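Since the model is a prediction, treat every value here as computed from it, not as a measurement. The sequence lines fix the lettering, A, B, ..., with proteins before strands; numbering per chain opens at 1. Values reported hereafter were calculated over all heavy atoms of this structure, with side chains retained and with hydrogens, waters and symmetry mates removed.
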Amino acid sequence: MKNFKDSFADVLFEALDGHLDKQKISLMIEKPKFEHMGDLAFPCFELAKILRKSPQGIAADLAGKNGSPFFEKIEAAGGYVNAFLEKGIVTASVIRQVLTEKEAYGDANLGNGQAITIDLSSPNIAKPFSMGHLRSTVIGNALALISEKCGYRAIRINHLGDWGTQFGKLIVAYKLWGNEEKVKQQPIKELLKLYVQFHEEAEANPELEDMGRQWFKKLEDEDGGALSLWKWFREESLKEFSKIYDLLGIRFDSTNGEAFYNDKMDRVVELLKEKKLLIESDGAQVVQLEDLPPCLIKKKDGTTLYATRDLAAAIYRHETYGSVQSLYVVGNEQSLHFKQLFSVLEKMGFTCAGGLVHIPFGMMLKDGKKMSTRKGKVVLLEEVLHEAISLALEDILKKNPDLPAKEKVARQVGTGAVIFHDLKNFRMNDIEFSLEDMLRFEGETGPYVQYTHARAASLLRKGKFAGSSGDIQLEDPEAWPVVTALMAFPEAVKRAFAEYDPSQIAKYVIELSRAFNKYYASVRFLEESSQKQARLSLAYSVTIVLKEGLRLLGIEAPKEM
RNA sequence: GUCCCAGUAGCUCAGUAGGAUAGAGCAACAGUUUCCUAAACUGUAGGUCGGAGGUUCGAAUCCUUUCUGGGACGCCA
């Protein structure tokens with residue numbers, strides 16, 4: 001759409017005789033609300049003041065000045081100038097471009113190969129992988145893929161929650177009530193049970209909390225017994241997590257969790273002292289901040305906190321990867337923490353502080369409330385995924401029993417539904433957990449887009465589409481919305497990156513699917529006609545862009561389903 | 001108490017560098033398959049854009065205020 005928009009801006013610029021610069025004109029051009037109003041529109045209300053003429057009059061004047069071959073007509077309507085693209089030329093040009101560039105269509109070289117680190121997923125070990133972590137995982141993965149599409153080198157970091165007082169508490173619970181055999185059989189389940197029990201008992205016996213803190217102190221001091229238990233918990237947890245990452249098709253460049261920074265925090269503390277930022281407050285070490293509550297660096301027992309480890313991690317990442325941006329895909333409820341963290345880094349004179357971005361997202365709620373691990377109120381992601389996959393398999397057996405590789409496709413469709421459900425809406429919205437919604441395969445869903453892709457792919461197979469050769473002359477009026485949708489892809493990619501918003505891509509693929517399905521219902525692709533090859537070229541373009549769009553969301557596009 | 005986020009159709013949400021008649025999906029109702037995958041398509045019905053002020057030629061979109069829901073606020077992460 002971009003180059004045609006520029007052409008329209010050129011036409012208007014000429015006609016306006018320097019009253020507005022081209023950039024401003026380009027910014028003002030919008031997409032009309034209805035198809036009968038054309039493809040591009042320019043509102044003249046603002047000009048009315050400058051030119052001291054009625055908007056209607058200005059529009060009428062401008063409409064007469066069409067000198068571009070890309071426009072069929074340019075007409076005045078109310079205070080608007082509406083431009084209609086020359087459908088034949090534009091259609092051929094768009095299809096040609098998609099078929100030439102293939103999956104590179106929509107690439108934007110904004111990053112020049114520079115690195116962006118992305119902190120995503122980051123589940124806590126010894127706890128189940130909950131629906132809440134799903135959000136960070138799929139949003140972060142999509143942002144990584146979108147960054148790469150925009151020319152950056154994405155570094156996916158799974159900043160495991162494997163350190164902190166909670167593990168002292170867990171060790172206490174294990175020593176008091178744990179059973180080695182049981183933990184070996186069902187590690188996460190047993191450890192969670194112990195963790196929940198700890199918090200229940202601690203309500204009556206607050207001294208348990210102190211014991212927990214003491215054991216964490218031992219961990220930080222690398223006490224052998226504490227450390228070996230911790231290692232065991234960590235290993236078992238990672239095994240569980242990797243099942244989920246395999247299902248989702250996600251890989252990380254680093255799984256260095258918080259513990260990794262245990263020996264890198266002294267340096268940070270020294271640096272803070274050097275800069276005279278560290279002060280004592282009620283026995284703890286803190287950094288005072290303007291307009292924000294102080295940031296706690298060390299507790300009175302000398303152990304570190306989340307913030308301390310994040311400071312060390314931010315510096316380490318910048319030094320190790322030379323990243324120009326550092327994204328933290330972490331829930332909205334931690335906004336204050338990141339404001340404090342970035343503020344402390346800035347005070348330290350950390351050079352990359354400007355490139356640090358917290359990417360918050362809304363919570364997964366249960367009965368309108370936050371899910372709490374401490375109370376054992378969690379929904380397990382693995383169970384949801386398996387549910388989705390078996391439901392997809394059921395559908396396949398019903399609708400396409402001859403399909404080869406049923407299990408594989410069921411996995412693609414089931415996980416596609418779950419991922420898409422998470423990504424299709426603006427990230428900041430809280431989501432009330434609903435298995436029913438998550439497992440829906442109709443309407444604005446992942447499977448709907450996958451289905452559209454499979455349908456188009458099937459046409460290419462059955463129509464023996466051999467690739468496009470010669471001129472593309474597509475005359476079906478119903479094809480036009482598909483063509484304009486194809487044109488809009490590069491803009492959707494850029495916007496998704498600029499706003500760190502994968503839902504832009506999700507909305508885009510829905511839009512393209514809808515346009516194609518309407519076209520599909522109105523035309524017989526496989527009927528022999530002069531239009532057949534042109535129609536199949538369009539179907540091919542649609543498969544390319546849908547597949548690429550889904551890929552950016554971390555969703556696969558099977559050829560059949 | 002302070003701060004952050006969100007309030008748009010019965011439900012879930014688009015639309016928010018102000019622009020033409022506020023759009024989808026689900027649910028409801030009525031249709032479409034001798035024919036390319038009906039996981040689709042077509043139609044009907046459904047709205048004081050939480051409320052009140054203000055800025056503007058023009059506000060769901062910007063400003064102020066208020067209500068509702070969620071969350072965060074020193075030794076958890």
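Here A:K507 does not reach the OP1 or OP2 of B:rA14: none of its side-chain N or O atoms lies under 4.0 Å away. Considering only side-chain N and O atoms, A:R514 lies nowhere under 4.0 angstrom from the phosphate OP1 or OP2 of B:rC41. For B:rG74, the OP1/OP2 oxygens have no side-chain nitrogen or oxygen of A:K298 closer than 4.0 Å. Of the side-chain N and O atoms in A:T165, one or more sit less than 4.0 angstrom from OP1 or OP2 of B:rC76. The phosphate of B:rG74 has neither OP1 nor OP2 within less than 4.0 Å of any side-chain N or O from A:K299. When the side-chain nitrogen and oxygen atoms of A:R535 are compared with OP1 and OP2 of B:rC36, none of them lie within a distance under 4.0 Å. One finds no side-chain N or O of A:Y328 lying less than 4.0 angstrom from the OP1 or OP2 phosphate oxygen of B:rA77. Not one side-chain nitrogen or oxygen of A:K33 sits closer than 4.0 Å to the OP1 or OP2 atom of B:rU21. OP1 or OP2 of B:rA77 sits under 4.0 Å from a side-chain N or O of A:R309.
Taking the side chain of A:K49 as heavy atoms from C-beta on, and the options B:rA40, B:rC57, B:rA39, the nearest nucleotide is B:rC57. In this structure, the nucleotide among B:rC57, B:rA77, B:rA39 sitting nearest to the side chain of A:F45 is B:rC57. Taking only side-chain atoms of A:K369, from C-beta outward, the nucleotide of B:rA39, B:rC76, B:rG71 with the closest atom is B:rG71. Side-chain proximity of A:E258 to B:rA39, B:rC73, B:rA77: nearest is B:rA77. The side chain of A:N425 has B:rA14 as its nearest neighbour among B:rA14, B:rA38, B:rA24. Relative to the side chain of A:E444, the nucleotides B:rA24, B:rA40, B:rA20 differ in distance, and B:rA24 lies closest. Ranking B:rA72, B:rA20, B:rA39 by closeness to the A:K370 side chain, first place goes to B:rA72. Counting only heavy atoms from C-beta on, A:E442 has its side chain closest to B:rA39 among B:rA20, B:rC76, B:rA39. Nearest nucleotide to the side chain of A:K300, out of B:rA39, B:rC75, B:rA72: B:rC75. Comparing B:rG74, B:rC73, B:rA14 by their nearest atom to the side chain of A:S281 picks out B:rG74.
In this structure B:rC29 sits in a base pair with B:rG43, meeting the Watson-Crick or G-U test at under 3.5 Å. Under the Watson-Crick or G-U wobble criterion, with both distances below 3.5 Å, B:rC36 is left unpaired in every strand shown. Base-pair partner of B:rC73: B:rG1 (Watson-Crick or G-U wobble, both distances under 3.5 Å). When both pairing distances are held under 3.5 Å, B:rG58 makes no Watson-Crick or G-U pair with any nucleotide shown. The base-pairing partner of B:rU68, taking Watson-Crick or G-U wobble contacts with both distances under 3.5 Å, is B:rA6.
A salt bridge between A:R535 and A:D476 is present, with a side-chain N of the basic residue lying under 4.0 Å from a carboxylate O of the acidic one. Checked for salt-bridge contact, A:K347 and A:E290 meet the test: a charged N lies under 4.0 Å from a carboxylate O. Taking the charged nitrogens against the carboxylate oxygens, A:K217 and A:D301 have no contact shorter than 4.0 Å, which rules out a salt bridge. Note on A:E436 versus A:R440: salt bridge recorded, some NZ/NE/NH1/NH2 to OD/OE distance being below 4.0 Å. Between A:E491 and A:R495 there is no salt bridge, since no side-chain nitrogen of the basic residue lies less than 4.0 Å from a carboxylate oxygen of the acidic one.
Ring-base stacking between A:Y520 and B:rC36 is not satisfied when judged by a centre separation under 5.5 Å and a plane angle under 30°.
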(request) Scan nucleotides 2-11 of chain B nucleotide by nucleotide, 5' to 3', and note B when protein non-hydrogen atoms come under 4.0 Å of the base, S if they reach only the sugar-phosphate, - if neither. (result) --SS------
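Under 3.5 Å, the side chain of A:H36 and the base of B:rU21 form at least one donor-acceptor pair of N or O atoms.
If you check the side chains of A:K547 and A:T543, you find no donor sitting under 3.5 Å from an acceptor. Residues A:T304 and A:R309 bring a donor and an acceptor atom of their side chains to less than 3.5 Å of each other.
A:R495 comes within contact range of the sugar-phosphate backbone alone, with a heavy-atom separation under 4.0 Å but no base atom that close. A:A307 comes within 4.0 angstrom of nothing in the nucleic acid, heavy atoms only. Counting non-hydrogen atoms under 4.0 angstrom, A:L536 reaches nothing in the nucleic acid.
Nucleotide B:rA17 is shown with a syn base, its glycosidic torsion being within 90° of 0.
Using bins of under 30°, 30° to 60° and over 60° for the plane-to-plane angle, the ring pair A:H36/A:F34 lands in the parallel bin. A parallel orientation is assigned to the rings of A:H337 and A:Y306, their planes being inclined by less than 30° (bins at 30° and 60°). Using cut-offs of 30° and 60° for the angle between ring planes, the A:F338 and A:Y328 rings count as tilted.
In terms of position along RNA chain B, the nucleotide closest to A:P447 lies nearer the 5' end than the nucleotide closest to the other residue of the pair A:P447 and A:L296. Across the interface with RNA chain B, nearest-nucleotide mapping of A:I431 and A:M561 shows A:I431 to be the residue nearer the 5′ end.
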